[in-house]
Amino acid sequence: SQQGEEDPQALSIQEGENATMNCSYKTSINNLQWYRQNSGRGLVHLILIRSNEREKHSGRLRVTLDTSKKSSSLLITASRAADTASYFCATVNNQAGTALIFGKGTTLSVSS
Amino acid sequence: DTEVTQTPKHLVMGMTNKKSLKCEQHMGHRAMYWYKQKAKKPPELMFVYSYEKLSINESVPSRFSPECPNSSLLNLHLHALQPEDSALYLCASKGRGGGSEAFFGQGTRLTVV
């Protein structure tokens with residue numbers, strides 16, 4: 001089962017530009033998390049935003065959360081070629097216990 | 001140590017073979033998970049272990065058999081797989097509560113021939 005839908009599915013930008021990815025989810029949440037996956041490898045946690053937070057920053061990452069619209073966005077500023085990866089939002093689905101359920105993901109390609 | 005270690009990294013098996021995937025973590029996490037990921041798709045939850053007990057099985061076929069021998073280890077036993085089972089199998093662990101991040105292994109790339 002998938003909880004979220006990301007858009008765009010694919011994004012190609014130049015180094016130095018900003019990248020924005022959006023995620024929508026279906027059920028009520030306690031928090032929403034963003035993960036990054038380099039090609040064919042494990043996922044790495046980027047940032048967690050709680051349901052009572054509207055915005056959170058970590059380095060070049062900025063995450064927003066709108067619980068009324070059941071949506072979140074991830075902004076990567078001043079992108080680098082090394083940011084090329086797939087990005088997934090994830091939420092905890094009460095039916096799956098503590099497990100994360102992932103959205104469809106956005107594939108980001110940053111060219112130099 | 002914040003690593004989740006999965007072995008093997010790559011596995012090619014025939015449809016009549018029996019093999020096992022292994023996952024190990026030493027972070028004291030009591031929740032461990034198996035996910036399956038096909039190319040260009042998100043990870044899909046297969047099994048959830050909580051305190052070494054299977055708590056969720058997401059309608060996974062019986063040819064996949066999970067096992068949690070202790071709080072640090074998680075196995076996935078494979079038998080009579082089909083070519084469509086070829087995928088990246090990811091193990092993850094998580095601390096207490098829904099508000100914590102998950103740590104993922106690098107995955108096992110499985111090819112069924």
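Just so we're on the same page: letters track the sequence lines, and every chain starts at 1.
From A/Asn38, atom CG reaches atom CD of B/Gln106 across 9.0 Å, with rounding to the nearest 0.5 Å. Atom CD of B/Glu101 and atom CG of A/Leu46 lie 10.0 Å apart (nearest 0.5 Å). The OH atom of B/Tyr35 lies 5.5 Å from the CD1 atom of A/Ile101; values are rounded to the nearest 0.5 Å. Atom CD of B/Gln37 is separated from atom CZ of A/Phe102 by 8.5 Å, given to the nearest 0.5 angstrom.
Linking Ile, Leu, Val, Met, Phe, Trp and Tyr residues whenever their side-chain heavy atoms come within less than 4.5 Å places B/Val60 and B/Trp34 in a single cluster. Residues B/Phe64 and B/Met15 fall within the same hydrophobic cluster, defined by Ile, Leu, Val, Met, Phe, Trp and Tyr side chains chained together at heavy-atom separations under 4.5 Å. Hydrophobic clustering, with ILVMFWY side chains joined whenever heavy atoms are under 4.5 angstrom apart, keeps B/Leu45 apart from B/Phe47. Transitive grouping of hydrophobic side chains (ILVMFWY, heavy atoms separated by less than 4.5 Å) brings A/Ile29 and A/Met21 into a common cluster. Residue A/Tyr87 is not grouped with residue A/Val44 when hydrophobic side chains (ILVMFWY) are merged at heavy-atom distances under 4.5 angstrom, including chains of intermediate members.
Atom CZ of A/Arg41 has 12 or fewer heavy atoms from other residues, nucleotides or ligands within 6.0 Å. At most 12 heavy atoms of other shown residues, nucleotides or ligands fall within 6.0 angstrom of atom CZ in A/Arg80. Counting heavy-atom neighbours within 6.0 Å of B/Lys38 NZ, excluding the residue itself, gives a total above 12. Counting non-hydrogen atoms of neighbouring residues, nucleotides and ligands closer than 6.0 angstrom, the NZ atom of B/Lys19 reaches no more than 12 such neighbours.
When all heavy atoms of A/Gly103 and B/Pro42 are compared, the pair lying nearest together is O-CB, 3.0 Å. The two atoms that bring B/Arg109 and A/Gly40 nearest to each other are NH2-CA, 3.6 Å, heavy atoms only. Between B/Val48 and A/Ala99 the shortest heavy-atom distance is CG2-CB, 3.8 Å. When all heavy atoms are compared, the tightest approach of B/Pro43 to A/Leu43 is CG-CD1, 3.9 Å.
In this structure, the portions of B/Ala102 lying under 4.5 Å from any heavy atom of chain A include both its backbone and its side chain. Heavy atoms of A/Gln9 lying under 4.5 Å from chain B are absent altogether.
For a heavy-atom cut-off of 4.5 Å, chain A lies close to B/Leu88, B/Leu90 in residues 70-93 of chain B.
Counting heavy atoms from C-beta on, the side chains of A/Leu100 and B/Tyr33 never come closer than 4.5 Å.
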